[in-house]
Every structure is written in structure tokens, then in C-alpha cells.
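The block underneath contains the structure these notes are about, expressed in C-alpha cells.
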Amino acid sequence: MKVMKWIPNIVSHSLMLAIGFMLGIYLLPVMTAPPPPPQKAVQQVVLNARYLTLFVRDREDSDFLHWGEGAVAVAPDAISFIGDMAPGPDYRVYLSPQFVETEAAFNTLKPQMVDIGSVKNFKSFVVYVPPSVDIEEYNTVIIWCEAFSQFITSAKYRSH
């Protein structure tokens, strides 16, 4: 009978542990994020941009924990972002030859995409495009969480 008295405590403690763990996964990237890039660096990418586009919050596979919204500039040598993104671990910037807004489409097209670099800041970033990558071969910028295989957001920057 004493075991029955412990069950509510075990359940409540397990629930609180799970909530704490999930909050830690969500908040740790925010707490450990580096400072945003200097405004001058972001503005330089915008000045050199061939394309200006937007991440929008309402993509098909975006949700209240996985989203981004704001201005994206695509230059031959860099991609910049100014706006807001839901925080998370292991965000990567990809360029895709086709518009993508779902995890299934991302996974199907991933072999044709190029991984440009890591995102550690959720208000603004500058990611430098390797010299071997031609932005004209792609038309969409995607933010993807590699650790959890989660689609975050995307923006089409040019038509074919």
C-alpha cells in the first residue's frame, strides 16, 4: 500500500524533470548564443546582395517552436538575416535548387542542396558562402535544425 502513495510523487517529479529538460534544450542556445554580428557586417551583405527576400512565420512545417521571420539578403559571398527566429540547437543554412517548406521535401532534396554554415544567433546573422558555391544555382535559403531534423523556415530568393 505504501507504493501507491509514491506513485503521484514519481509521476509529478518525472513530469517536472521532462519539462525542465525540454526548457533546457530550448533555452540553452539562447543563453549561449554569441553576440550578433556587427550591424556594419549585416549592412555590407545587404549592400552587396543580388537578392532580398523574407523568412515568414507561416511555412507549412513551421510551428510555435520552429519558425523564423525577417529580412534575408543573399550576396555572392554571404547571406545575412535580420529578424527573429525560434531558438534551437544546431541550426544550419542551406541553399536549395527548389523551394522547400516541409521536412519531407527537405529530406528528399537534401542531396541537391549545399550546407552554407552554422547559425548561432537568433536575431541576426551573417554566414559566408564558400567561393565554390554559386548562388545562381539555387533559389531558396533554408534554416534547418540538424540535431533534431526539424524544418525551421525558408525563403525563395529567385524564380527559375
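On a predicted model such as this, the values are computed, not experimentally measured, just so you know.
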What one should report as the nearest heavy-atom pair of Phe151 and Val100 is CE1-O, 3.7 Å
Minimum heavy-atom separation for Gly70 and Phe81, please, with both atom names.
CA-CE1, 3.8 Å
Would you mind reporting whether [Y] and [X] have side-chain heavy atoms less than 4.5 Å apart?
X      : Y      : result
Ser118 : Arg92  : yes
Asn121 : Met85  : no
Asp77  : Tyr128 : no
Pro89  : Phe148 : yes
Phe125 : Val93  : yes
Ile79  : Val72  : yes
Trp144 : Met113 : no

Under 3.5 Å donor-acceptor, [X] side chain and [Y] backbone:
X      : Y      : value
Thr53  : Lys156 : yes
Glu101 : Arg59  : no
Ser62  : Ile152 : yes
Ser96  : Phe99  : no
Thr153 : Ile142 : no
Asp90  : Ala147 : yes
Thr108 : Ala104 : yes
Arg50  : Pro76  : no
Tyr157 : Leu54  : no

Are Tyr91 and Phe122 an aromatic pair, judged by ring center distance below 6.0 Å?
yes
State yes or no: do [X] and [Y] share one hydrophobic cluster built from I, L, V, M, F, W and Y residues joined by side-chain heavy-atom distances below 4.5 Å, directly or via other members?
X      : Y      : result
Ile82  : Tyr51  : no
Val141 : Val127 : yes
Val133 : Val45  : no
Val114 : Val74  : yes

To the nearest 0.5 angstrom, please state how far the [atom1] atom of [X] sits from the [atom2] atom of [Y].
X      : Y      : atom1 : atom2 : result
Asn139 : Ser159 : CG    : OG    : 7.5 Å
Leu95  : Ser154 : CG    : OG    : 12.0 Å
Asp84  : Ser124 : CG    : OG    : 10.0 Å
Gln44  : Asn48  : CD    : CG    : 4.5 Å

Check whether NZ of the Lys or CZ of the Arg Arg57 lies under 6.0 Å from the centre of the six-membered ring of Trp67 and within 45 degrees of that ring's axis.
yes
Do the ring planes of Phe106 and Tyr94 sit parallel (below 30°), tilted (30 to 60°) or perpendicular (above 60°)?
perpendicular
Among all residues two or more places apart in sequence or in another chain, which pass the salt bridge (charged side-chain N to carboxylate O under 4.0 Å, His left out) test with Glu146?
Lys110
